[in-house]
Structure formats: C-alpha cells, structure tokens
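Written out below as structure tokens is the structure these notes cover.
These numbers come from the heavy atoms of this one structure, side chains and all, not from hydrogens, waters or symmetry mates. Quick caveat: nothing in here was measured; it's all calculated off a predicted structure.
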Amino acid sequence: SASAASGEGPSSAGDAPPQQPPPPPQPPSRYESQKRRDWNTFQQYLRNHKPPLTLGRCSGAHVIEFLKYLDQFGKTKVHVAGCPYFGEPNPPASCACPLKQAWGSLDALIGRLRAAYEENGGRQESNPFGAKAVRIYLREVRESQAKARGVPYEKKKRKRAPSSSSSAAAA
C-alpha cells in the first residue's frame, strides 16, 4: 500500500518538485497546420465536385484534376512554347503567359495530402496521392516548367553524388 500512496500528496514532495499544472498544449507546427488546411481544401473540392466524390471513390485521376484546378491560384509564370521568353529564367519584360502552381509547391502539397489521407483512416495501398499517375504528372510538370522557365532542377542530384561515392569507398 506504500507504493499506492507514493505518487500522491505531501509525502512525494521529498523526491519530486511540487506538482505544477500541465503545460498548455503546444500549437500545431507550421507543417501540421498546413497539412490540415490542405486536407480541408481537398475535402471541399470533393464536396464541390460534379458529381460529388467520396474519398473512397477518389483516384489518382481525381488528384490530378485537383492539381490542375489549383493552377488558377498559382503565382509562377510558366511561358508557353510560342512566347519569346520561353526558356528565359529572367525575362526582360512581362508577357501574357499563364500563372500556375510551381512544381515544388505541388510536390510538397502531395506529400502533405498523402500523409493526411493515411492519418484520416485511408489505407496506404489505396492512397490516391501516391498513385503512379500522380507521380508521372508531377514529373511532367517539373520538366515542362524547367523548360519553360529555363530553370534546371538538377541541384539535388549533384549534392548526392559525393556522399554515395564516399560511402562506396568506405565499404
């Protein structure tokens, strides 16, 4: 019975600091807040879809449709093939080419939605955000934007090369 009383009352004051109220819950991280906003936006998109879609009936094709829908809110100028600034990273003047979502934003969005899908009860095997079609679409967006904007997306590959050769040398 001594062990039952050890965590309570003044008798525990000798071996532990006085009881303090629990710290207030931490606000969600920026990532968690963004993930919740993205998930809510996608849920809204499903509700407004014609005909309305349930999450269980959602496929990679619907996810791609959602990404294309988001382009109207994009802020990245993507030059069309006929534009004189096609392939120019820093065009000298403005043009009528469309604004779209940047590839990096879409890629990050899909990562957050993939996680949110599984956190909200979706099975990993049926996650539409991880569908092959979505990965292919993102790759095509990256390549077309890189061409249109004259911005190479090779930076990460160069960083990885030395570490893989050094680990091979160590082995």
- Item | Residue pair Ala116 / Trp39: nearest heavy atoms and the distance that separates them | CB-CE3, 3.6 Å
- Specify the closest pair of heavy atoms between Pro89 and Gly87, including all atoms of both residues, with the distance to one decimal.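 That closest heavy-atom pairing would be CD-O, 3.4 Å.
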For the [atom1] atom of [X] and the [atom2] atom of [Y], what is their distance to the nearest 0.5 Å?
X	Y	atom1	atom2	answer
Arg112	Arg36	CZ	CZ	13.0 Å
Gln43	Leu113	CD	CG	9.5 Å
Gln145	Glu140	CD	CD	12.5 Å
Thr41	Gln34	OG1	CD	8.5 Å
His62	Leu46	NE2	CG	8.5 Å
Glu143	Leu138	CD	CG	11.0 Å

- Give a yes or no on whether the ring-centroid distance for Phe42 and Phe129 is below 6.0 angstrom.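 Yes - the distance between ring centres of Phe42 and Phe129 falls below the 6.0 Å cut-off.
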- Item | Pair Asn40-Gln44, side-chain donor/acceptor within less than 3.5 Å |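 Looking only at side-chain atoms, Gln44 and Asn40 do not form any donor-acceptor pair under 3.5 Å.
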- Between Ser126 and Tyr117, do the side chains contain an N or O donor and an N or O acceptor separated by less than 3.5 Å?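 Result is yes, a qualifying pair exists.
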pair [X]-[Y]: side-chain heavy atoms closer than 4.5 Å:
X	Y	result
Leu99	Phe73	no
Leu109	Leu70	yes
Gln101	Leu67	no
His79	Glu88	no
Lys100	Thr76	no
Pro128	Ser59	no
Lys77	Tyr85	no

Should [X] and [Y] be counted in the same cluster of Ile, Leu, Val, Met, Phe, Trp and Tyr side chains packed under 4.5 Å apart?
X	Y	answer
Val134	Trp103	yes
Ile64	Val78	no
Phe86	Val141	no
Ile110	Tyr69	yes

- Starting from the C-alpha separation in whole Å, work towards a yes-or-no answer on side-chain contact (heavy atoms from CB on, under 4.5 Å) for Leu53 and Tyr45. CA-CA 9 Å; Leu53 264 174; Tyr45 175 77; 5.6 Å; no
- Query: If you count the non-hydrogen atoms of other residues, nucleotides and ligands that lie under 6.0 Å from CZ in Arg30, is the total more than 12?
  - Reply: no
- Quick check: are there more than 12 heavy atoms from other residues, nucleotides or ligands sitting under 6.0 Å from CD of Gln26?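 Not more than 12 within 6.0 Å, no.
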- Task: Considering only NZ, NE, NH1 and NH2 on the basic side and carboxylate oxygens on the acidic side, decide whether Lys68 and Glu65 come within less than 4.0 Å.
- Result: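 Salt bridge absent between Lys68 and Glu65.
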- Item | Under-4.0 Å salt bridge between Glu119 and Lys35 |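 The answer is yes: the pair qualifies as a salt bridge.
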- Keeping the roles fixed (side chain from Arg135, backbone from Gly130), state whether a donor-acceptor pair exists under 3.5 Å. yes
